[in-house]
Novice: 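Take a look at the following structure, please.
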2 protein chains.
Amino acid sequence: MPRSAAALSTLAPQGLPRKDAGLQERRSAETRQVILEATIRCLARHGYSKTTTTLVASEARASRGAMLHHYPTRQALIAATIEYAFYKRMKTFIATIRSLSESDRIERNKGIFLELRSLQSEEYQAYLELHVAARTDPELRDVFFPRAKRYDAVWRDEIAKAFPEWTELGEAFPRACELTRATLEGLMLNRDIWDDPANERVVVELLSRILTMIREGRIEVPEAS
Amino acid sequence: MPRSAAALSTLAPQGLPRKDAGLQERRSAETRQVILEATIRCLARHGYSKTTTTLVASEARASRGAMLHHYPTRQALIAATIEYAFYKRMKTFIATIRSLSESDRIERNKGIFLELRSLQSEEYQAYLELHVAARTDPELRDVFFPRAKRYDAVWRDEIAKAFPEWTELGEAFPRACELTRATLEGLMLNRDIWDDPANERVVVELLSRILTMIREGRIEVPEAS
DNA sequence: TGTTTTAGACAAGCCAGACTGTTTTTCGCG
DNA sequence: CGCGAAAAACAGTCTGGCTTGTCTAAAACA
């Protein structure tokens, strides 16, 4: 199976548990994973600035010394978490997409609902925290945005593979994807404020109809000028 | 002119400069405004957690003592900034909407582009910082969300007044508004990552076409179940 | 034994809020 | 009109708490 350069498999995080490995290495990798999971939880629940090395260690039930052994600085911890969080979210998202029946995927646009669910995961919450923090924190900026752009490329690539029937639409497809993601992310962002599940469902349903109409050519997507 | 309970005028922030007032009160109000502007700048440029009282004071060219005189705690400062930032952004947005020609407003959906520009203001950047921080900071949460919900009501009310020709669509109009805002906010959120002005324009143009089709009844908006 | 992992203490730095002192404005009252 | 006290605005210091990264030492493992 030929893989594009931006495939998900090209960026599996390093240093995580593998079956084949000495006892020590396995133990070490396990600790690292526990720490990364704890970091995601802290980011999602307490925000970026309150995700201190102390808090992460306690959340991971590890000593601070142990943590700083695996991730010498907070930066290193955050960098590893960025990769881990994105990879984990993307992997389950893709897997779920692949498990859809053809009619669910094509006619009922179930992908939207999966994306919406993916945006509710702790991994995305953590990702959003990092994203917003990166806008104003120069150090984090350098760590976050290059990775975020790579992940975006992976996302587009995997989506294209998962929805082959859209490809004949050409540029209309990526634009539809951007529209979808922007809308869903915006919807999630305002969720606590609008606070109306019924209306939210209607908007998502509306988006679904719009996508169908785009696919059927009943809404024309403009070309870049 | 009868005003609805949620009109913008109902929540003009207190304690800001007025022409009629004693010298002391005027001076005081001026200082407060300078401080609030500085806070917005700090939030937009450095983020919530780095917006310290010290930084704000220096940005406002005021002493820390002066600042703590007007806003005894950081909480108080933030609360005042929330109100000020929203009011300021909303006011210029509404004013710009009102200045549109009828054809720009109705046929060309210029409102979308104004909203998009509004989302690029420092006031919105600050607002986003506060919003995201409020999700994880319990104290800020109590201060932010009640206000944010009030502002949302104001926004809906003012939009309804500014686009009278949509009202006959009934519930389709607020849903279209939510779709628009979600999409534009999501677009702004991903701006640094997607980083492609041409594509962004296309998506906005697509959104514009969608809105036109909704208004003309060519896209049916589902009802809440 | 030698290396990896875990544990915990320490110093340096920063921030919020409390505090004291200073200057400017207001206003009552002769 | 003008003087003096009260109040408001402004300035800057101090302390306690928290965080980070470093460092030493012990424990687990190969």
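The sequence lines fix the lettering, A, B, ..., with proteins before strands; numbering per chain opens at 1. None of the values given here were measured: they were computed from a predicted structure.
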Novice: Return the nearest nucleotide to the side chain of T54(B); candidates are dA16(C), dA11(D), dT6(C).
Specialist: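 Nearest listed nucleotide: dA16(C).
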
Novice: State yes or no: are the ring centers of F144(A) and Y127(A) separated by less than 6.0 Å?
Specialist: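 They qualify: ring centres under 6.0 Å apart.
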
Novice: Of all the nucleotides listed (dT22(D), dA16(C), dA7(C)), which has the minimum atom distance to the side chain of R74(B)?
Specialist: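 Taking heavy atoms from C-beta onward, the closest nucleotide is dA16(C).
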
Novice: What is the separation between atom CD on E139(B) and atom C1' on dA16(C), rounded to the nearest whole Å?
Specialist: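 Nearest whole value for this atom pair: 12 Å.
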
Novice: Calculate the interatomic distance between Y71(A) atom OH and dG21(D) atom C1'; express it in whole Å.
Specialist: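 My rounded result for the distance is 18 Å.
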
Novice: Just N and O in the side chain of T31(A): are any of them under 4.0 Å from OP1 or OP2 of dT6(C)?
Specialist: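 Looking at the OP1 and OP2 atoms of dT6(C), one of them is under 4.0 Å from a side-chain N or O of T31(A).
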
Novice: Rounded to whole Å, how long is the line connecting atom NE2 of H46(A) with atom P of dT19(D)?
Specialist: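 Taking atom P of dT19(D) as the reference, NE2 of H46(A) is at 12 Å.
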
Novice: Considering non-hydrogen atoms only, spot the tightest contact between I193(B) and A148(A) and give its length.
Specialist: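 Closest approach of I193(B) to A148(A), heavy atoms only: CD1-CB, 3.8 Å.
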
Novice: Of the candidate nucleotides dC10(D), dT20(D), dG17(C), which contains the atom at the shortest distance from the side chain of H70(B)?
Specialist: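 Nearest listed nucleotide: dC10(D).
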
Novice: What is the minimum heavy-atom distance between A176(A) and W166(A), and which atoms define it?
Specialist: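 Here A176(A) and W166(A) meet closest at CB-CZ3, 4.1 Å.
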
Novice: What's the closest nucleotide to the side chain of H69(B) if the choices are dC15(C), dG21(D), dA8(D)?
Specialist: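 Side chain of H69(B) sits closest to dA8(D).
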
Novice: Out of M90(B), K91(B), R89(B), which one pairs with Y87(B) under the side chain to side chain contact (heavy atoms under 4.5 Å, CB included) rule?
Specialist: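 Of the listed options, the one satisfying the test is K91(B).
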
Novice: Judged by each residue's nearest nucleotide on DNA chain D, which is more toward the 5′ side, A62(B) or R64(A)?
Specialist: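 Its nearest nucleotide being more 5', the pick is A62(B).
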
Novice: Please report the distance, rounded to the nearest Å, between CZ in R61(B) and C1' in dA9(D).
Specialist: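 Rounding to the nearest Å, CZ of R61(B) and C1' of dA9(D) are 20 Å apart.
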
Novice: What is the separation between atom CD1 on I78(A) and atom C1' on dT20(D), rounded to the nearest whole Å?
Specialist: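 In whole Å, dT20(D) C1' and I78(A) CD1 are 13 Å from each other.
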
Novice: Just checking T53(A): base, sugar-phosphate only, or nothing, at a heavy-atom cut-off of under 4.0 Å?
Specialist: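 Contact class for T53(A): sugar-phosphate only.
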
Novice: To the nearest Å, how far apart are E30(B) CD and dA9(D) P?
Specialist: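 Nearest whole value for this atom pair: 13 Å.
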
Novice: Which of these nucleotides, dG12(D), dT6(C), dT22(D), is closest to any side-chain atom of S63(B)?
Specialist: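 Nearest listed nucleotide: dG12(D).
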
Novice: How many Å lie between CG on L68(B) and C1' on dT13(D), as a whole number?
Specialist: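 Taking CG of L68(B) and C1' of dT13(D), I get 13 Å after rounding.
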
Novice: Under 3.5 Å, is there a donor on one side chain and an acceptor on the other for E37(B) and Y84(B)?
Specialist: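 Side-chain D/A pair, E37(B) to Y84(B): present.
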
